[in-house]
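Every number for a ligand or one of its atoms is a count from 1 in the order of the listing.
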Amino acid sequence: MQASSLAAVSCDTKPLTTVRRWAVEDVLALYDLPLMDLIWRAQGVHREHFDPNAIQRSTLLSVKTGGCSEDCSYCSQSARYETDTARERLMPLDEVVAAAKAAKDKGASRFCMGAAWKGPKDNDLDRVLDMVREVKALGMQTCVTLGMLKDGQAEKLKEAGLDYYNHNLDTDKEFYGQVIKTHTHDDRLDTLDQVRDAGINVCSGGIIGMGESRKNRAALIVQLANLPKPPESVPINNLVPIPGTPLADNPRLDPFEFVRTIAAARITMPTSWVRLSAGRQEMSDELQAMCFLAGANSMFYGDFLLTTGNPDIERDDALFARLGIKAV
Ligand code: SAM
Ligand code: DTB
Ligand code: SF4
């Protein structure tokens, strides 16, 4: 179950494809371990690279909600589905800065601004650049998730002081077309290349519980781990079922399968921050603690994600105190 040798890799001229470092069979073998053995191994890897009692906290804000042209089957913000999420305009700068200040005061180290776009138009990007500059000036790390980037846009974000760009692969390349038809997995990889080339930290992960197989989950982890450089930040989202979307009534995944996915991410991407992302509100404190034990060391902090709820700050603060965890 060792990682395959880097020397065996055949690399294309353009780093659009992944480098063969982990094989899907390697990661499937991890998933197949007894849960306690898997967690033990993940925790060992975790302790080699991180303080096991420290968790990074990012606060999310949806700066442009709803009305998205894309058809992502899980998303409340797609214009194609009848959901409770109304279409809104891009938020004014002063409201964004006020929200970032409030998040900083509550103890978040990073502020992540999300937009329901296929990708930003240049004039919209200019307004987001102002947001990045002002949030950065507060002394917070900055992150945006704006969809697919065109040439030159990542460089502008870098110049404005952007620390992280979130752009998830979301699911295995093989399964992608069953969930999203308006863009491709290769489109996502192309944006990740642009972000990487501009010198911005990459935040990329996925959603589990969308009806994918265990093999699909293992393949997603492999596609992330085998990027030319693994993402610095890897959000693992549990599907939040949204009424009105095609995945609204999807059967719930066994929570231990979620824990296994966290552990697989930790083992294959030892130096990445693995984020226990969407779906925490429905998780018990004990399940979240198990995710931390499996190597998750980052989370979204604040009462809202983008359009759905997240645990109250008071509940998270109490959980940190009970577990002896410090925020970073
Ligand atoms: N439009 C941009 C994009 O697609 O990259 C940025 C915003 S999009 C809402 C950001 C991410 O949120 C998606 O890639 C997906 O991983 C996550 N997400 C959206 N809806 C979700 C849901 N119902 N459950 C879990 N994660 C979700
Ligand atoms: C990520 O991986 N998860 C966040 C963030 N990146 C942008 C978004 C979760 C969204 C959950 C559903 C919602 O609130 O709309
Ligand atoms: Fe649009 Fe992003 Fe939602 Fe897809 S996930 S519909 S691109 S906001």
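- Between Leu90 and Trp117 the shortest side-chain heavy-atom distance falls below 4.5 Å.
- Close approach of ligand 1 to Leu306 (heavy-atom distance below 4.0 Å) involves ligand atoms 9 (C).
- Under a cut-off of 6.0 angstrom, the local environment of CG in Asp84 is sparse, with at most 12 non-hydrogen atoms contributed by other residues, nucleotides or ligands.
- In this model, no donor atom of one side chain and acceptor atom of the other lie less than 3.5 Å apart for Ser204 and Asn168.
- Every atom of ligand 2 with a heavy atom of Pro235 under 4.0 Å away is listed here by number and element: 2 (O).
- Other residues, nucleotides and ligands contribute at most 12 non-hydrogen atoms within 6.0 Å of the NZ atom of Lys121.
- Remark: Arg315 engages Asp285 in a salt bridge, criterion side-chain N to carboxylate O under 4.0 Å.
- Every atom of ligand 1 is numbered from 1 in the order shown, and the set under 4.0 Å from a heavy atom of Asp170 is 13 (C), 14 (O), 15 (C), 16 (O).
- Contact atoms of ligand 2 toward Asn237: 1 (C), 2 (O), 3 (N), 9 (C) (distance under 4.0 Å to a heavy atom of the residue).
- Contacts of Thr245 with ligand 1, taken as heavy-atom pairs under 4.0 Å, are absent altogether.
- Both the backbone and the side chain of Ala116 come within 4.0 Å of ligand 3, counting heavy atoms alone.
- Inter-residue side-chain proximity for Gln56 and Ser109 is flagged as met; some heavy-atom pair is nearer than 4.5 Å.
- Within the set Tyr165, Tyr74, Trp117, the minimum heavy-atom distance to atom 1 (N) of ligand 1 is found for Trp117.
- Geometrically, ligand 2 and Ser277 share no nitrogen or oxygen pair separated by less than 3.5 Å.
- Remark: ligand 3 atoms within the under-4.0 Å shell around heavy atoms of Tyr74 are 5 (S).
- Between Leu169 and Leu220 there is a side-chain heavy-atom pair separated by less than 4.5 Å.
- For atom 3 (C) of ligand 1, the nearest non-hydrogen atom from the set Gln77, Met148, Arg188, Met210 comes from Arg188.
- A 6.0 Å sphere centred on CG of Asn123 holds more than 12 heavy atoms belonging to other residues, nucleotides or ligands.
- Of the protein's non-hydrogen atoms, Asn168 ND2, 3.9 Å is the one closest to atom 11 (C) of ligand 1.
- Considering only non-hydrogen protein atoms, atom 12 (C) of ligand 2 sits nearest to Thr308 OG1, 3.6 Å.
- Listed by number with element, the atoms of ligand 3 under 4.0 angstrom from any heavy atom of Cys68 are 1 (Fe), 6 (S), 7 (S), 8 (S).
- Residue contact check: Glu70 has heavy atoms under 4.0 Å from atoms 1 (Fe), 4 (Fe), 6 (S), 7 (S) of ligand 3.
- Looking only at heavy atoms of the protein, atom 27 (C) of ligand 1 is closest to Ile207 CD1, 3.7 Å.
- Annotation: atom 5 (C) of ligand 2 to nearest protein heavy atom, Phe300 CZ, 3.6 Å.
- For ligand 1 and Ala278, the ligand atoms under 4.0 Å from any heavy atom of the residue are 25 (C).
- Close N/O approach between Asn166 and ligand 1 is not found [any backbone or side-chain N/O within under 3.5 Å].
- In the model, Asn237 has no side-chain atom that pairs as donor or acceptor with a side-chain atom of Tyr74 under 3.5 Å.
- Counting the atoms of ligand 1 from 1 in the order shown, those under 4.0 Å from a heavy atom of Val240 are 22 (C), 23 (N), 24 (N), 25 (C).
- Side-chain contact of Asn238 with Glu282: a donor-acceptor pair under 3.5 Å is absent, judged by distance alone.
- Numbered from 1 in the order shown, with element, the atoms of ligand 2 that lie under 4.0 Å from a heavy atom of Asn168 read 1 (C), 2 (O).
- You'll find the side chain of Leu227 reaches within 4.5 Å of the side chain of Leu189, heavy atoms only.
- Side-chain contact between Phe320 and Arg57 is present, with at least one heavy-atom pair separated by less than 4.5 Å.
- Shown here, atom 2 (Fe) of ligand 3 is out of close reach of the protein: none of its heavy atoms lies under 4.0 Å off.
- Residue-to-ligand polar distances place Thr307 within reach of ligand 2: an N/O pair is separated by less than 3.5 Å.
- Side-chain atoms of Thr261 and Tyr31 form a donor-acceptor pair, as typed in the model, at a separation below 3.5 Å.
- The nearest N, O or S atom of Cys72 is not closer to atom 3 (Fe) of ligand 3 than 2.8 Å.
- By the 4.0 Å N-to-carboxylate-O rule, Arg196 lies close enough to Glu232 to be salt-bridged with it.
- Those atoms of ligand 1 that come under 4.0 Å of a heavy atom in Ala115, given as number and element, are 1 (N), 2 (C), 6 (C), 7 (C).
- Judged by the 6.0 Å and 45° rule, Arg280 forms no cation-pi pair with Phe300.
- On a distance-only criterion, Leu306 and ligand 2 share at least one N/O pair closer than 3.5 Å.
- In this structure, Gly147 has a heavy atom closer than 4.0 Å to ligand 1.
- For atom 8 (S) of ligand 1, the nearest protein heavy atom lies 4.0 Å or farther away.
- Protein heavy atom in closest approach to atom 6 (C) of ligand 1: Thr145 OG1, 3.2 Å.
- Remark: ligand 2 atoms within the under-4.0 Å shell around heavy atoms of Thr145 are 7 (C).
- Contact annotation: Phe304 has no heavy atom less than 4.0 Å from any atom of ligand 2.
- Selection from Leu305, Leu61, Ile236, Asn166 by nearest heavy atom to atom 7 (C) of ligand 2 gives Asn166.
- Of the inter-residue distances, the one linking Leu239 atom CG with Ile207 atom CD1 reads 6.5 Å to the nearest 0.5 angstrom.
- The number of heavy atoms from other shown groups lying within 6.0 Å of NZ (Lys136) is above 12.
- Each of Leu276 and Leu60 belongs to its own hydrophobic cluster when Ile, Leu, Val, Met, Phe, Trp and Tyr are linked at side-chain heavy-atom distances under 4.5 angstrom.
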